[in-house]
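A short worksheet on the structure shown next.
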Amino acid sequence: MASVLPQSLFRGFRALPRAAARPGLSALLPRSQPLLRRFIATEQPRLRLGSVAPNFQAQTTHGNIDFHEFIGDSWAILFSHPADFTPVCTTELGAFAKLKGEFEKRNVKMIGLSANDIGSHDKWIEDINEVSSTNLQFPIIGDAERKVAFLYDMISQDDLDNIAQKGIAFTIRSVFIIDPSKKIRLTMMYPASTGRNSAEVLRVIDSLQTGDKKGVVTPIDWQVGEDVIVPPSISTSDAKAKFGEVREVKPYLRFTKA
């Protein structure tokens, strides 16, 4: 797991002179701060699709967790929020809470993250339940020191460029969909001003799971029950033997039933 940036290192950021600010975080790291330079340069994991989701330990509203142990043999959705008691985040968490049953049908665990410690999470959950008429039951990580935010690169470039002035970076709205083998299958990143679409998160879970199970891919705006696409790696004759009816629009674009 990548190193954690403790408060003492953030204080080091704050101590940097304003004149040191340059485009990119590396310009803020003088030679006298090799630990910070090494963290940014070498220890930030590359979160590519298909890479293993970095493991971490954290405090949550459900107690301390090891992230990989939390996932277990399930799929997981990790989604981050800038802060407790913020308006957009409140609506988002309420929407995800209402879809709890749908995600459970698909063997998906949800876990949120907010850039506050867990001391205020419980009161915020009360607000979420009241506003959305729901009962939020999944854990929310406390990430006041941005431990997980840095590990998963859930930080805006503007904040990194100005970290010497601000002292600590803002956590953006990110979504990571992770499969039972702990591999990252999909990522989404949103600006703070834009709420996410919970139905779209559910839709892509359906697409990923259908593709894994059936060996197909899904077209634009696909929904469960609609035709899927035969991958180019499968010949039409093999596709007919495997799927039955195949509708060929172009030699490279063939539809079938899921």
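Below, each value reflects all heavy atoms present in this structure, side chains not excepted, and no hydrogens, waters or symmetry copies.
When all heavy atoms of Ile234 and Ala239 are compared, the pair lying nearest together is CG2-N, 3.6 Å. In terms of heavy atoms, Val201 sits closest to Val175 at CG2-CG1, 4.5 Å. Contact between Arg48 and Ile184 at its shortest, heavy atoms only, is O-CB, 4.0 Å. Contact detail for Met154 and Val148: the closest heavy-atom pair is CE-O, 3.8 Å. Closest approach of Met188 to Leu186, counting heavy atoms only: CE-CD2, 3.4 Å. What you find for Gly112 and Phe138 is that their closest heavy atoms are N-CD1, 4.1 Å.
Linking Ile, Leu, Val, Met, Phe, Trp and Tyr residues whenever their side-chain heavy atoms come within less than 4.5 Å places Leu151 and Ile178 in a single cluster. Following chains of ILVMFWY side-chain contacts shorter than 4.5 Å, one cannot reach Val228 starting from Val204, and the two form parts of different hydrophobic clusters. At a threshold of 4.5 Å between side-chain heavy atoms, the hydrophobic network of Ile, Leu, Val, Met, Phe, Trp and Tyr places Leu113 and Leu47 in one connected group. Under the 4.5 Å side-chain heavy-atom criterion for ILVMFWY residues, no single connected hydrophobic cluster contains both Leu49 and Leu208. The hydrophobic clustering, which links ILVMFWY residues whose side-chain heavy atoms are closer than 4.5 Å, places Ile111 and Ile205 apart.
Rounded to the nearest 0.5 Å, atoms OG (Ser114) and CD1 (Ile125) are 10.0 Å apart. Expressed to the nearest 0.5 Å, how far CZ of Arg247 lies from CG of Asp227 amounts to 5.5 Å. Separation of atoms CD1 (Ile128) and OG (Ser133) is listed at 13.0 Å; rounding is to 0.5 Å. Phe176 CZ to Arg185 CZ: the interatomic distance, rounded to the nearest 0.5 Å, is 15.5 Å. With rounding to the nearest 0.5 Å, the separation of CG in Asn55 from CG in Asp66 is 4.0 Å. Separation of atoms CZ (Phe243) and CG (Asp238) is listed at 10.0 Å; rounding is to 0.5 Å.
Side-chain atoms of Asp117 do not come within 3.5 Å of backbone N or O of Ala144 as any donor-acceptor pair. With hydrogens and angles disregarded, no donor-acceptor distance shorter than 3.5 Å links the side chain of Arg106 to the backbone of Asp206. Side-chain N or O atoms of Lys182 include one that pairs as donor or acceptor with a backbone N or O of Pro180 at under 3.5 Å. Between the Arg254 side chain and the Pro231 main chain, a donor and an acceptor come within less than 3.5 Å of each other. Using modelled atom types, one side-chain atom of Thr91 and one backbone atom of Val88 make a donor-acceptor pair closer than 3.5 Å. At least one donor-acceptor pair under 3.5 Å links the side chain of Glu92 to the backbone N or O of Arg196. Between the side chain of Lys257 and the backbone N or O of Glu245 there is no donor-acceptor pair closer than 3.5 Å.
With a 4.5 Å cut-off on side-chain heavy atoms, Arg173 and Met189 do not count as touching. The side-chain heavy atoms of Ile140 and Ile118, taken from C-beta on, include no pair separated by under 4.5 Å. Put simply, the side chain of His62 does not reach to within 4.5 Å of the side chain of Phe70, judged on heavy atoms. Residues Leu136 and Thr61 fail the side-chain proximity criterion, which asks for heavy atoms closer than 4.5 Å. Looking at Tyr152 and Ser80, their side chains never come closer than 4.5 Å, going by heavy atoms from C-beta outward. Counting only heavy atoms from C-beta outward, the side chains of Met110 and Phe79 approach each other to under 4.5 Å. With contacts defined as side-chain heavy-atom distances shorter than 4.5 Å, the pair Phe103/Leu202 qualifies. No side-chain heavy atom of Asn116 sits less than 4.5 Å from a side-chain heavy atom of Phe85.
Other residues, nucleotides and ligands contribute over 12 non-hydrogen atoms within 6.0 Å of the CD atom of Gln137. More than 12 heavy atoms of other shown residues, nucleotides or ligands fall within 6.0 angstrom of atom CD in Gln223. Residue Lys109 qualifies as enclosed at atom NZ: its count of foreign heavy atoms under 6.0 Å is above 12. Counting heavy-atom neighbours within 6.0 Å of Lys240 NZ, excluding the residue itself, gives a total of 12 or less.
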With side chain to side chain contact (heavy atoms under 4.5 Å, CB included) as the criterion, how do Arg46 and Ser51 come out once you've worked through the C-alpha distance, each side chain's angles and the decisive distance to 0.1 Å? CA-CA 8 Å; Arg46 295 186 179 274; Ser51 66; over 6 Å; no
Yes or no on side chain to side chain contact (heavy atoms under 4.5 Å, CB included) for Phe150 and Glu145, after CA distance, side-chain angles and deciding distance? CA-CA 9 Å; Phe150 270 99; Glu145 294 190 357; over 6 Å; no
Derivation of the side chain to side chain contact (heavy atoms under 4.5 Å, CB included) call for Leu78 and Ile141: CA-CA 10 Å; Leu78 169 64; Ile141 297 165; 4.1 Å; yes
What do the steps show when you test Ile229 against Phe255 for side chain to side chain contact (heavy atoms under 4.5 Å, CB included), and what is the final call? CA-CA 5 Å; Ile229 292 175; Phe255 290 89; 3.7 Å; yes
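Counted by atom type alone, Asp84 and His121 present one or more donor-acceptor pairs between their side chains at under 3.5 Å.
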